[in-house]
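Just so it is clear, the values below take in all heavy atoms, side chains as well, and ignore hydrogens, waters and symmetry mates.
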Amino acid sequence: ADKCNSLLELLRSELLSGPLINIDETTVQVLDEPDRSAGSKSYMWLFRGGPPGKTAVIFRYDPSRNGKIAKDFLGDYHGYVQTDGYGGYNFLDTQAGIVHIGCWAHIRRKFVEVIKAAEKNIDVSDDKDKGKAGEAIKFISKLYRIERNARVRGLDAESVRQLRQQESGPVLDDFERWLKVNALKVPPRCLLGKAITYALKQWPRLIGYLGDGNVRMDNNLAENAIRPFVIGRKNWLFSGNPEGASANATLYSIIETAKANGLEPYHYLVYLFERLPFAQSLGDEALKELLPQN
């Protein structure tokens with residue numbers, strides 16, 4: 001991992017050169033962190049971006065979940081940044097040059113939770129709440145259906161944008177009206193009320209995807225990219241120290257970027273390790289050629 005660190009800043013430059021960055025984070029336990037107990041939660045951050053067709057994925061370990069981690073990584077980036085609704089990303093709403101995009105998958109999950117709770121008679125959910133949650137999910141399903149139609153037709157980004165303006169825009173207008181009407185009728189502290197409030201609070205971010213056909217409705221690209229780490233964590237459980245966690249992040253960055261660009265990880269790593277010592281003596285251009293997307 002130490003030998004590969006020279007690739008990470010180049011990979012970050014590639015990631016920041018694209019029109020869209022997806023961000024997510026998950027917990028990781030690191031045992032021997034200075035001034036922290038072994039049971040403390042640390043975090044593995046995930047950044048996914050790069051030019052179309054040249055995906056870059058970077059994992060970054062940090063003891064903190066503070067939004068400053070994402071802010072420092074992005075630097076003076078200009079473009080779309082897509083996240084979930086975690087408050088640490090709120091700075092993106094006022095960051096110059098950035099359009100903050102929300103995640104419809106998270107909105108949908110909130111309403112699905114209402115239906116599951118109603119079926120189990122949890123909280124104050126009842127059949128009426130279940131029915132209203134079902135209505136919300138129908139609105140969201142219409143939006144996803146439009147997206148699937150665009151993919152099936154193989155539309156380019158501009159055509160997708162136009163399709164969204166024509167078809168998704170009216171659905172969004174109807175859904176916003178529905179949310180505002182029901183926000184006045186539903187107790188705000190019940191599950192349905194919380195789901196409605198969350199959706200309305202996120203609304204400016206949720207409609208942001210209308211403006212560019214390269215942007216997706218949800219942050220699933222980041223969630224899918226971070227999943228291999230989450231699965232691995234269930235097996236190894238923790239990192240022994242911060243150096244190990246950082247090494248883990250470096251190797252995950254390289255391997256997941258290789259997979260995102262259609263490379264078989266083992267053979268790519270052999271290729272990389274054979275050539276890396278020579279490339280390091282030749283400078284950044286030689287190192288750039290070794291990045292998975294190149």
* So I254 and L269, side-chain contact (heavy atoms from CB on, under 4.5 Å) or not? Walk me through it. -> CA-CA 9 Å; I254 292 168; L269 289 177; 4.1 Å; yes

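- Side-chain N or O atoms of N219 include one that pairs as donor or acceptor with a backbone N or O of I23 at under 3.5 Å.
- Atom CD in E167 sits 11.0 Å away from atom CG in L143 (nearest 0.5 Å).
- Within the hydrophobic cluster formed by Ile, Leu, Val, Met, Phe, Trp and Tyr side chains joined at under 4.5 Å, directly or through other members, Y266 is accompanied by V270.
- Between S40 and E33, the side chains place no donor N or O within less than 3.5 Å of an acceptor N or O (distance only, hydrogens not considered).
- Here salt bridge (Lys or Arg N to Asp or Glu O under 4.0 Å) pairs that include residues 12-21, with residues two or more places apart or in two chains, are E9-R12.
- In the hydrophobic cluster analysis, where Ile, Leu, Val, Met, Phe, Trp and Tyr join through side-chain heavy atoms closer than 4.5 angstrom, L46 is grouped apart from L74.
- Contact annotation: the side chain of K132 approaches that of W178 to within less than 4.5 Å [non-hydrogen atoms, C-beta and beyond].
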* **I137 vs R108, side-chain contact (heavy atoms from CB on, under 4.5 Å): CA-CA, chis, key distance, verdict** => CA-CA 6 Å; I137 289 172; R108 187 180 185 281; 4.0 Å; yes

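- Under the salt bridge (Lys or Arg N to Asp or Glu O under 4.0 Å) criterion, the residue pairs touching residues 53-66 are E25-R65, with sequence neighbours excluded.
- Partners of E176 according to the salt bridge (Lys or Arg N to Asp or Glu O under 4.0 Å) rule, which considers only residues two or more places apart in sequence or in another chain, are K180.
- Grouped by direct or indirect side-chain proximity (heavy atoms under 4.5 Å, Ile/Leu/Val/Met/Phe/Trp/Tyr only), L221 sits alone.
- When all heavy atoms are compared, the tightest approach of L92 to T83 is CD1-CG2, 3.8 Å.
- The backbone N or O of I98 lies less than 3.5 Å from no partner atom in the side chain of H100, so there is not a single donor-acceptor pair.
- At a threshold of 4.5 Å between side-chain heavy atoms, the hydrophobic network of Ile, Leu, Val, Met, Phe, Trp and Tyr places Y268 and F273 in one connected group.
- Considering every non-hydrogen atom in both V114 and A195, the closest pair reads CG2-CB, 4.5 Å.
- Taking 4.5 Å as the limit, every side-chain heavy atom of N182 sits out of range of all side-chain heavy atoms of L192.
- Once rounded to the nearest 0.5 Å, the distance linking NZ of K71 with CG of N66 reads 10.0 Å.
- Between R205 and D93, the closest side-chain pair of non-hydrogen atoms falls below 4.5 Å.
- In this structure Y89 satisfies the ring-ring contact (aromatic ring centres under 6.0 Å, His included) test together with Y86, sequence neighbours excluded.
- Checked by atom type and distance alone, the side chain of T257 pairs as donor or acceptor with a backbone atom of V57 at under 3.5 Å.
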* **Verdict with reasoning, V230 to M44, per side-chain contact (heavy atoms from CB on, under 4.5 Å)** => CA-CA 10 Å; V230 174; M44 192 65 78; over 6 Å; no

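- Once rounded to the nearest 0.5 Å, the distance linking CD1 of I107 with CG of L206 reads 4.5 Å.
- Listed by chain and number, the hydrophobic cluster partners of L31 are L237, F238, where partners are ILVMFWY side chains within reach of under 4.5 Å, directly or through others.
- A pairwise comparison of heavy atoms in N241 and V30 identifies C-CG1, 3.4 Å as the closest pair.
- When all heavy atoms of I207 and P204 are compared, the pair lying nearest together is CG1-O, 3.6 Å.
- With values rounded to the nearest 0.5 angstrom, R145 atom CZ is found 12.0 Å from I140 atom CD1.
- There is a path of hydrophobic side-chain contacts, each under 4.5 Å, that joins F91 to W45.
- To the nearest 0.5 Å, atoms CG (L15) and CZ (R48) are separated by 9.0 Å.
- Take R161 and apply the side chain to side chain contact (heavy atoms under 4.5 Å, CB included) test, not counting sequence neighbours, and it matches E158, Q165.
- Taken together through direct or relayed side-chain contacts under 4.5 Å among Ile, Leu, Val, Met, Phe, Trp and Tyr, L11 and I255 form part of one hydrophobic cluster.
- Looking at E256 and K259, a side-chain N of the basic residue comes within less than 4.0 Å of a carboxylate O on the acidic one, giving a salt bridge.
- Separation of the W104 and F139 ring centroids does not fall under the 6.0 Å cut-off.
- In this structure, the side chains of L251 and F59 stay at 4.5 Å or more apart for every pair of heavy atoms.
- Under the ring-ring contact (aromatic ring centres under 6.0 Å, His included) criterion, F47 pairs with F73, sequence neighbours left out.
- Pairs engaging residues 243-255 under the side-chain hydrogen bond (donor to acceptor under 3.5 Å, both in side chains) rule: N5-T250 [sequence neighbours left out].
- Within the 4.5 Å cutoff, the side chain of R153 has no heavy atoms near those of the S159 side chain.
- Within the 4.5 Å cutoff, side-chain heavy atoms of L179 are placed close to those of W203.
- In terms of heavy atoms, A133 sits closest to I115 at CB-CG1, 3.8 Å.
- Residue-environment remark: CG (N235) exceeds the threshold of 12 foreign heavy atoms within 6.0 Å.
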* To do: Give the intermediate values and the outcome of side-chain contact (heavy atoms from CB on, under 4.5 Å) for residues S168 and Y209.
  => CA-CA 10 Å; S168 303; Y209 81 100; 3.8 Å; yes

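- Residues V99 and Y77 fall into different hydrophobic clusters, defined by Ile, Leu, Val, Met, Phe, Trp and Tyr side chains chained together at heavy-atom separations under 4.5 Å.
- For the pair I21/Y80, no side-chain contact is recorded, criterion being any heavy-atom separation below 4.5 Å from C-beta on.
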Could you pull out all donor-acceptor pairs under 3.5 Å where a side-chain atom in residues 274-290 meets a protein atom, sequence neighbours excluded?
unit_1, atom_1, unit_2, atom_2, d
R275, NH1, Y271, O, 3.3
Q280, NE2, K3, O, 2.9
Q280, NE2, S6, OG, 3.1
S281, OG, F278, O, 2.6

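- The closest donor-acceptor contact from the side chain of N90 to the backbone of G87 lies under 3.5 Å.
- For the atom pair NZ (K116) and CG (L191), the distance works out to 12.0 Å, reported to the nearest 0.5 Å.
- Pairs engaging residues 212-241 under the salt bridge (Lys or Arg N to Asp or Glu O under 4.0 Å) rule: R109-E223 [sequence neighbours left out].
- Considering only heavy atoms from C-beta on, F111 stays 4.5 Å or farther from Y198 through its side chain.
- Heavy-atom minimum distance, Q29 versus G39: NE2-CA, 3.8 Å.
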